[in-house]
Amino acid sequence: SQQGEEDPQALSIQEGENATMNCSYKTSINNLQWYRQNSGRGLVHLILIRSNEREKHSGRLRVTLDTSKKSSSLLITASRAADTASYFCAKSFNTDKLIFGTGTRLQVFP
Amino acid sequence: DAGITQSPRHKVTETGTPVTLRCHQTENHRYMYWYRQDPGHGLRLIHYSYGVKDTDKGEVSDGYSVSRSKTEDFLLTLESATSSQTSVYFCAISDDRSRSPLHFGNGTRLTVT
């Protein structure tokens, strides 16, 4: 399967702590995207990182990509209760399709 | 927010009946996708469209068909609904294949009894 894995499946932290989620894949990608999903809602795009990029930032979010290890990480710094959601990575294999992982459920306690 | 509307938002139907879900966009995006979301499986691609009347299969297309007669509308039909098709269905749009972010609708929760 091209999907790879996401870990951890679930993560619980206190407000103010950092949260790190990882995503791996098995074949070369064109880009990798991270999405957030609040309960009962659709997914919202966070960051897209292309295969020739190593790091991208957006506010408190930092995404890294290591193509040699075929992995990516999403770091949320100084987390807030409002960051509680599920986070998904999605891989583009240079086709019309975007393949999603199974996600990480993040719970941030006040 | 991208203009994507899914209808209905909730539906309960009986096994063996046909069901059609609608996705309507106001963004004039070329690419439209149907995903299903199930616990433990994340999102799985059912079908997608790369233009009017142009569609292709995704990972889990068996038992589903799609149609796109206008840029703004993408229909997903369950030909004969089964309990295994109980799921949350999401429509998404993109203006540049998988090289651009997807914008998602708020989903349709379908229950097949």
Side-chain angles (χ1 to χ4, degrees), chain A residues 1-10 21-53 56 58 61 63 74 85-106, chain B residues 1-7 9-10 21 23 25 27 29-51 54-61 66 68 74 87-109:
Chain A
S1 165
Q2 297 172 319
Q3 289 192 10
E5 302 291 333
E6 288 178 61
D7 74 271
Q9 289 188 328
M21 291 157 256
N22 304 295
C23 172
S24 64
Y25 54 94
K26 296 182 179 179
T27 60
S28 296
I29 57 170
N30 175 270
N31 69 68
L32 188 143
Q33 304 178 28
W34 286 91
Y35 290 79
R36 183 186 73 228
Q37 183 181 35
N38 291 96
S39 180
R41 307 283 293 181
L43 280 72
V44 174
H45 178 260
L46 297 175
I47 291 181
L48 181 153
I49 187 164
R50 293 182 170 79
S51 59
N52 61 352
E53 297 174 315
K56 289 191 83 169
S58 177
L61 307 181
V63 167
L74 169 67
S86 291
Y87 293 82
F88 294 87
C89 75
K91 286 80 73 174
S92 165
F93 299 101
N94 206 29
T95 67
D96 294 339
K97 296 178 266 192
L98 202 58
I99 305 299
F100 284 80
T102 54
T104 294
R105 294 187 309 278
L106 174 65
Chain B
D1 289 348
I4 309 171
T5 305
Q6 291 187 232
S7 58
R9 289 297 315 276
H10 302 272
L21 308 182
C23 178
Q25 61 146 329
E27 305 298 316
H29 283 351
R30 178 179 175 188
Y31 295 88
M32 299 185 75
Y33 302 83
W34 277 108
Y35 286 89
R36 61 178 288 175
Q37 184 175 31
D38 305 286
H41 291 280
L43 276 81
R44 292 179 291 174
L45 181 64
I46 305 171
H47 281 281
Y48 68 100
S49 170
Y50 48 96
D54 292 323
T55 64
D56 204 351
K57 296 178 179 180
E59 308 165 76
V60 289
S61 59
V66 290
R68 191 168 178 199
F74 192 32
S87 187
V88 181
Y89 292 85
F90 286 99
C91 175
I93 63 175
S94 170
D95 61 358
D96 189 16
R97 302 171 66 190
S98 59
R99 289 191 286 257
S100 298
L102 297 186
H103 301 283
F104 281 82
N106 283 323
T108 294
R109 183 173 295 275

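Per chain, numbering begins at 1; letters A, B, ... match sequence-line order.
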Heavy-atom distance under 4.5 Å to chain A: side chain of B:S94, backbone, both or neither? neither
B:Y35 side chain to A:F100 backbone, donor-acceptor under 3.5 Å: no
Within the 4.5 Å heavy-atom criterion, are A:I99 and B:E59 side-chain neighbours or not? yes
Proximity breakdown for B:L102 and chain A, heavy-atom pairs closer than 4.5 Å: both
B:D54 meets the salt bridge (Lys or Arg N to Asp or Glu O under 4.0 Å) criterion, sequence neighbours left out, with none
Toward chain B, the part of A:Q37 with a non-hydrogen atom under 4.5 Å: side chain
Output the option from A:L48, A:V44, A:L43 having the highest count of non-hydrogen pairs under 4.5 Å with chain B. A:L43
Report which part of B:Q6 has an atom under 4.5 Å of a heavy atom belonging to chain A: side chain, backbone, both, or neither. neither
What part of B:R109 gets within 4.5 angstrom of chain A, counting heavy atoms only: side chain, backbone, both, or neither? neither
Part of B:R9 lying under 4.5 Å from any heavy atom of chain A: side chain
Looking at B:R99 and A:N30, what are the two nearest heavy atoms and their distance? CG-OD1, 3.6 Å
So with a 6.0 Å cut-off around CD of A:Q9, is the heavy-atom count from everything else above 12? no
In terms of heavy-atom contacts, does NZ of A:K56 have more than 12 from other residues, nucleotides or ligands at under 6.0 Å? yes
Euclidean distance, A:K97 NZ relative to B:Y31 OH, rounded to 0.5 Å: 13.0 Å
Search all heavy atoms of A:Q33 against all heavy atoms of B:P101 and return the closest pair with its distance. OE1-CA, 3.5 Å
